[in-house]
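I have placed the structure first, in the form of structure tokens, so that the comments after it can refer back to it.
Quick note: residue numbers are just sequence positions, from 1. Both backbone and side-chain heavy atoms feed into the values below; hydrogens, waters and symmetry mates do not.
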Amino acid sequence: MKLRLSLYTVLVVLCFSCKLENKKESNQENKQEAEELPSEWTAFLNNLETKNKVAFKKASGETIYCYDCLENTPTEMEEMVLLRETDSLWYDKIYEDLVYIPIDSFIQNDYDILFNPKFIHLLKENETLFRYNEESGIDRLHIYVTTTPPTAFFEGGQHSFSFSKMNDEWKLTEISTIP
């Protein structure tokens with residue numbers, strides 16, 4: 001009985017140490033990725049800070065998924081309320097069509113509203129997390145920036161910027177908020 005218990009203990013310790021080793025290797029790989037990826041983010045932030053809209057367009061996809069862009073002015077908010085009240089397919093219209101903002105329209109109508117100096121400062125100074133993954137055969141880089149710190153009464157919020165690898169270049173394809 002003692003021999004069996006000792007064997008189980010040794011097996012558990014070995015399994016645990018193997019998992020720790022795998023976790024260390026995984027963390028090292030993620031750390032290497034994280035060390036490589038911020039240069040893309042830094043370049044993106046520099047373009048925002050200098051208001052280089054030509055570079056922003058070059059670093060973006062043909063469309064940007066941006067729900068906030070649908071309601072960032074009082075007029076747009078009224079239009080969205082009217083859509084919800086009068087169109088039974090409002091949800092599909094929003095999430096299958098309207099939320100994909102053509103890059104030229106984004107730059108003309110949304111860029112200056114979203115990327116104001118205060119917001120750019122938050123993006124540069126606040127906690128930033130990176131996540132790399134593959135979705136449907138496309139390499140993606142997700143960058144999360146805490147833009148509203150949590151309080152006792154609110155869980156806080158983040159802005160998420162998603163980049164997709166297109167022709168060996170990272171292109172901005174989504175701007176969203178959490179929650």
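- Side chain of K51 to backbone of F115: a donor-acceptor contact under 3.5 angstrom is found.
- Nearest heavy-atom pair, N52 versus A55, reported as atom, atom and distance to 0.1 Å: OD1-N, 2.9 Å.
- Note: I143 CD1 to Q158 CD = 12.0 Å, rounded to the nearest 0.5 Å.
- Expressed to the nearest 0.5 Å, how far CG of L89 lies from CD of E96 amounts to 9.0 Å.
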Any chance you could lay out the side-chain contact (heavy atoms from CB on, under 4.5 Å) test for R140 and S164, step after step, and finish with the verdict?
-> CA-CA 5 Å; R140 298 195 192 275; S164 300; 2.6 Å; yes
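- Distance check, rounded to the nearest 0.5 Å: CD of E76 to CD of E79 gives 6.5 Å.
- Between W41 and F44, the ring planes are parallel. Angles under 30° get that label, and only those over 60° would be called perpendicular.
- Residue E71 places its CD atom among more than 12 non-hydrogen atoms of other residues, nucleotides or ligands, all under 6.0 Å distant.
- Minimum heavy-atom separation, M166 to T173: CE-CG2, 3.5 Å.
- The two residues I103 and S60 make their nearest non-hydrogen contact at CD1-CB, 3.5 Å.
- Proximity of a side-chain donor or acceptor of T86 to a complementary backbone N or O of R84 within less than 3.5 Å is not detected.
- Side-chain heavy atoms closer than 4.5 Å link hydrophobic residues (I, L, V, M, F, W, Y) into clusters, and following such links, possibly through other members, connects Y95 to L83.
- Of all the heavy atoms in E155 and P150, the pair that sits closest is O-CB, 3.4 Å.
- In this structure, CG in N72 is found 7.5 Å from CG in L114, a value given to the nearest 0.5 Å.
- Under the 4.5 Å side-chain heavy-atom criterion for ILVMFWY residues, a single connected hydrophobic cluster contains both Y91 and I94.
- A parallel orientation is assigned to the rings of H142 and Y144, their planes being inclined by less than 30° (bins at 30° and 60°).
- In this pair, F161 and F119 present their aromatic rings tilted. The plane angle is within the 30 to 60° band.
- Checking side-chain atoms of T146 against main-chain N and O of P149 turns up no donor-acceptor pair under 3.5 Å.
- Closest heavy-atom contact between Y111 and K53: CD2-CE, 3.3 Å.
- The minimum heavy-atom distance linking P179 with G156 is given by the pair CD-O, 3.2 Å.
- Interatomic distance, E40 CD to E169 CD, rounded to the nearest 0.5 Å: 9.0 Å.
- K58 contributes no side-chain N or O that, together with a main-chain N or O of K171, makes up a donor-acceptor pair within less than 3.5 Å.
- Grouping the Ile, Leu, Val, Met, Phe, Trp and Tyr side chains by contacts below 4.5 angstrom, directly or via other members, places I178 apart from V145.
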Could you check I64 against L172 for side-chain contact (heavy atoms from CB on, under 4.5 Å), going step by step and ending with a plain yes or no?
-> CA-CA 7 Å; I64 296 177; L172 177 68; 3.8 Å; yes
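- The hydrophobic clustering, which links ILVMFWY residues whose side-chain heavy atoms are closer than 4.5 Å, places I138 and Y65 apart.
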For side-chain contact (heavy atoms from CB on, under 4.5 Å), just list the numbers for D68 and T177, CA-CA rounded to whole Å, side-chain angles, deciding distance to a tenth of an Å, and then say yes or no.
-> CA-CA 8 Å; D68 289 344; T177 55; 3.0 Å; yes
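- A distance of 13.0 Å separates NZ in K57 from CZ in F106, rounded to the nearest 0.5 Å.
- No donor-acceptor pair closer than 3.5 Å links the side chain of S105 to the backbone N or O of I101.
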